[in-house]
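Down below is the structure, laid out as structure tokens.
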Amino acid sequence: MLKNNRFIYIFLGIIFFIAVLFRFINLSSYPAGFHQDEASLGYNGYSLMLTGKDDNGNKLPLYIDMFGDNRPSGYHYLTIAPIKLFGLNEFATRFPGALFGSITVFAVYFLAYVIFKNKTVGLLSAFLIAISPWHIVLSRASAEAVVALFFIILGFSLLLYGLAENKNKFIIWGAIFAPISYFFYHTPRVFVPLAFLVFTIYLF
């Protein structure tokens with residue numbers, strides 16, 4: 001079992017580097033084809049950067065109607081900084097997904113450590129998400145779900161840690177981070193409240 005924190009940080013850093021490589025190398029070219037959803041994400045981010053409005057003329061929207069789906073606008077706002085830095089292109093549009101996909105390794109490590117109380121298990125879990133094919137593909141394809149997943153994992157990791165260690169500040173931070181996922185994808189609005197309900201029943 002790994003006990004030295006220095007080695008933990010080194011291994012975790014290596015895993016993060018691997019995750020970055022898999023998610024950022026040739027990001028503009030792979031996956032091949034810039035699909036319509038991605039193009040809409042980039043264009044709306046560009047429009048928000050210049051005018052503060054989406055392509056439908058709505059000021060600072062919480063939802064953006066692309067194809068009648070009224071999807072949460074969180075990812076669109078995340079594209080603003082990369083577009084400003086790199087221009088309106090595939091790399092900038094895919095950058096937020098690749099970034100949050102990469103840092104998810106830290107959230108997964110923390111979640112595994114909180115559950116199993118074992119740093120080796122945490123590192124193994126982080127490594128598996130770093131090389132997971134489905135997670136790599138979604139991270140490279142402007143998938144809002146990847147960003148939402150990061151906040152869900154981080155939020156419930158903090159919540160579990162706060163409950164285990166009886167530290168209210170971590171419970172509060174967990175209750176803040178998990179609902180942030182609402183701004184990126186529809187699905188968390190169903191199971192995140194249900195999960196909070198389970199935790200509430202457990203507490204009381």
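What you are looking at is a predicted structure, and each value in this text was computed from that prediction instead of being measured.
In this structure a side-chain-to-backbone donor-acceptor pair under 3.5 Å is present from N118 to T120. A donor-acceptor pair is defined here as one N or O able to donate and one able to accept, closer than 3.5 Å; such a pair exists between the side chain of R94 and the backbone of P31. With hydrogens and angles disregarded, no donor-acceptor distance shorter than 3.5 Å links the side chain of R140 to the backbone of F95. The backbone N or O of P188 sits nowhere less than 3.5 Å from a side-chain atom of S181 that would complete a donor-acceptor pair. Y75 places a side-chain N or O within donor-acceptor distance of the main-chain N or O of G97, the cut-off being under 3.5 Å. A donor-acceptor contact shorter than 3.5 Å links the side chain of N89 to the backbone of F86. Side chain of T51 to main chain of L48: no donor-acceptor pair is present (N/O by atom type, distance under 3.5 Å, no hydrogens or angles). The main-chain N or O of S29 is never found under 3.5 Å from a side-chain atom of N26 such that the two would form a donor-acceptor pair.
Residues I8 and Y109 have side chains in contact (heavy-atom distance under 4.5 Å, counting atoms from C-beta outward). Counting only heavy atoms from C-beta outward, the side chains of F196 and L159 approach each other to under 4.5 Å. In this structure, the side chains of S47 and D54 stay at 4.5 Å or more apart for every pair of heavy atoms. Inter-residue side-chain proximity for V105 and F127 is flagged as unmet; no heavy-atom pair is nearer than 4.5 Å. Proximity of H135 to L149: side-chain heavy atoms (C-beta onward) are separated by under 4.5 Å at one or more points. For the pair V147/F183, no side-chain contact is recorded, criterion being any heavy-atom separation below 4.5 Å from C-beta on. Y63 has its side chain out of reach of N58: every pair of non-hydrogen atoms, C-beta onward, lies at least 4.5 Å apart. Proximity of F151 to Y182: side-chain heavy atoms (C-beta onward) are nowhere separated by under 4.5 Å.
If you check the side chains of E90 and S28, you find no donor sitting under 3.5 Å from an acceptor. Under the 3.5 Å distance criterion, with hydrogens and angles disregarded, a donor-acceptor pair is assigned to the side chains of N44 and S40.
Of the inter-residue distances, the one linking S139 atom OG with L99 atom CG reads 10.0 Å to the nearest 0.5 angstrom. In this structure, CG on L154 lies 8.5 Å from CD1 on I103, to the nearest 0.5 angstrom.
When all heavy atoms are compared, the tightest approach of V192 to I152 is CG2-CG1, 4.1 Å.
If you look at F156 and F199, their ring centroids are closer than 6.0 Å.
Under 4.0 Å is where a charged nitrogen must lie from a carboxylate oxygen, and between R71 and D37 at least one such pair does.
Between F150 and F100, the angle of the ring planes goes over 60°, which puts this pair in the perpendicular group of the 30/60° scheme.
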